[in-house]
Amino acid sequence: MATYKQFGRLLSISARLSSPLAAHACQRAGFHWTTHSTGITQRWPKTPFHIVSARTMFVQTQDTPNPNSLKFLPGRVVLESGTMDFAGPRDAFCSPLARQLFRIDGVKSVFLGPDFITITKTDITVEWGLIKPDVYAAIMDFFTTGLPVVNDDETPRADTAPSEDDDEVVEMIKELLDTRIRPTVQEDGGDVLYRGFEDGIVKLKLQGSCTSCPSSMITLKSGIQNMLQFYVPEVEGVEQVKDDEDVLAQG
C-alpha cells in the first residue's frame, strides 16, 4: 500500500506535468494538439512533421517532392493491399473516405496507399494552412465511424500480378517494380503502375503526388529507367502513359 509520502510525490509530479512549463516543453518537442471544438492546429517551428491527436488517433503529415501534394499518415491501415488513385470526385464513388475528402474546398485529387493518404490541392495559390485542418478532421471523423475505406465489391487492381502471358523479361520488370521501385515511390506519397512492355519500352502510369510533380520526369528517367536497364538489359527506355480520365481531369 502506498504511503503518504508516495502520494505526496505523485501529486507533485502531476502538478508539474499540468504546469505551463510542461506544456511549453511539449510544444518544443514538436507535439501539436488540436481542439475538438474548432479543429485548429498550432504549428511549432523546427519539426520534421506535424502530429494531430484525437482521442487515441494520431495523424502525421509528411512533405512530398510535389509542393501541391501532402502525405497524411493516420497511424493505421488505409488499404489492405495495393493503392487507389482518385483524380476527381466522380472517380470516388467506391470510397466513402475519398468522397468525404473531396468535400473540402481546394482538394483536387485523393490517393490511398497502404498506410497513408496523399492529398493534392488544386494549385499553388491555395494555402495548405487552410486545407489541413479540414483534412485532419475528415480523416479522424471517418475512422471513428468504422466504415470501410473502400466498398467491399471494389479492390485495387493488381497490375504487377503474374500472368500466363508474361515472358521472363516481363516477370523481371514486374518483380523490380514491386520490390525496388514502388516502395520508394510510395514513400513520396505516390505510386507507379505497370502498363505494358513493347519494343524495349516499359510503359508506366504515375499516380498520387507523382502525377503533377515537377520532378516526375527525372524520377521516371534517371531513377526508374536506370534501375530497370541495369537489371534487365532488354529495357531500352521508360515511357509515361495516361488514361483518358487522367487527361480529362488535368485538362
Side-chain angles (χ1 to χ4, degrees), residues 49 60-66 68-87 91-92 94-95 97-98 109-120 149-150 154-163 165-198 200-243 245-246 249-250:
F49 50 75
Q60 302 177 16
T61 59
Q62 181 179 316
D63 293 335
T64 73
N66 186 349
N68 288 333
S69 297
L70 197 61
K71 187 177 176 182
F72 292 79
L73 299 97
R76 59 188 65 193
V77 173
V78 178
L79 290 181
E80 294 290 344
S81 62
T83 59
M84 297 189 76
D85 190 37
F86 303 99
D91 303 324
C94 64
S95 173
L97 172 57
S109 65
V110 176
F111 178 79
L112 305 179
D115 60 352
F116 66 89
I117 303 159
T118 299
I119 300 294
T120 299
V149 174
V150 178
E154 294 285 343
T155 56
R157 290 175 293 179
D159 59 291
T160 52
S163 171
D165 299 331
D166 293 345
D167 56 23
E168 184 178 353
V169 173
V170 172
E171 289 178 353
M172 291 178 64
I173 292 172
K174 287 184 174 181
E175 183 178 355
L176 283 170
L177 286 172
D178 272 345
T179 60
R180 298 291 187 90
I181 296 172
R182 297 183 80 172
T184 302
V185 177
Q186 288 176 10
E187 281 294 318
D188 286 335
D191 199 6
V192 55
L193 302 183
Y194 175 79
R195 285 293 182 259
F197 177 67
E198 185 178 358
I201 304 299
V202 180
K203 298 181 179 180
L204 302 174
K205 178 185 177 182
L206 300 178
Q207 290 188 321
S209 63
C210 301
T211 305
S212 57
C213 182
S215 59
S216 60
M217 292 308 298
I218 298 176
T219 300
L220 199 67
K221 297 295 184 179
S222 300
I224 298 175
Q225 179 173 294
N226 287 348
M227 176 172 286
L228 289 175
Q229 288 178 329
F230 180 82
Y231 288 101
V232 187
E234 291 83 355
V235 173
E236 298 178 8
V238 172
E239 177 182 304
Q240 179 183 359
V241 297
K242 296 181 180 180
D243 296 336
E245 307 86 65
D246 299 326
Q250 293 178 5

Asker: Tell me, which pairs form a side chain to side chain donor-acceptor pair (under 3.5 Å) where one or both residues lie in residues 225-235, sequence neighbours left out?
Answerer: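 Only R180-Y231 qualify under side chain to side chain donor-acceptor pair (under 3.5 Å).
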Asker: Quick check for you: to the nearest 0.5 Å, what is the distance between L79 atom CG and L97 atom CG?
Answerer: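 Rounded to the nearest 0.5 Å, the CG-CG separation comes out at 9.0 Å.
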Asker: Who pairs with T179 by side-chain contact (heavy atoms from CB on, under 4.5 Å), at least two apart in sequence or on another chain?
Answerer: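 In terms of side-chain contact (heavy atoms from CB on, under 4.5 Å), with neighbours along the sequence ignored, T179 is linked to E175.
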Asker: What are the two closest heavy atoms between G113 and V78, and how far apart are they?
Answerer: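 Scanning both residues completely, I find the closest heavy atoms to be O-CB, 3.3 Å.
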Asker: For the atom pair CE (M84) and CD1 (I117), what is the distance rounded to the nearest 0.5 Å?
Answerer: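 Result: 13.5 Å between the selected atoms.
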Asker: Nearest heavy-atom pair of F116 and G190: which atoms, and what distance?
Answerer: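 What the structure gives for the nearest pair is CZ-O, 4.4 Å.
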Asker: Search all heavy atoms of K71 against all heavy atoms of D188 and return the closest pair with its distance.
Answerer: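 K71 and D188 have their closest heavy atoms at NZ-N, 4.4 Å.
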Asker: Please identify each residue that fulfils side-chain contact (heavy atoms from CB on, under 4.5 Å) with V185, with sequence neighbours left out.
Answerer: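 For V185 the side-chain contact (heavy atoms from CB on, under 4.5 Å) partners, ignoring immediate neighbours, are I181, V192, C210.
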Asker: Taking all atoms of both residues into account, what is the closest heavy-atom pair of P74 and D115, and its distance?
Answerer: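 Looking at all heavy atoms of both residues, the shortest contact is CD-O, 3.5 Å.
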Asker: For T83 and P114, work out which heavy atoms get closest and say how close.
Answerer: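 The answer is CG2-CD, 4.2 Å.
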Asker: With a 4.5 Å cut-off on side-chain heavy atoms, are F111 and D191 touching?
Answerer: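 Side-chain contact under 4.5 Å: yes.
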Asker: Tell me the closest heavy-atom pair linking L112 and V110, and the distance in Å.
Answerer: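 Closest heavy-atom pair between L112 and V110: CD2-CG1, 4.0 Å.
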Asker: V170 and Y194: side-chain contact (heavy atoms from CB on, under 4.5 Å), yes or no, with the steps?
Answerer: CA-CA 10 Å; V170 172; Y194 175 79; 3.5 Å; yes
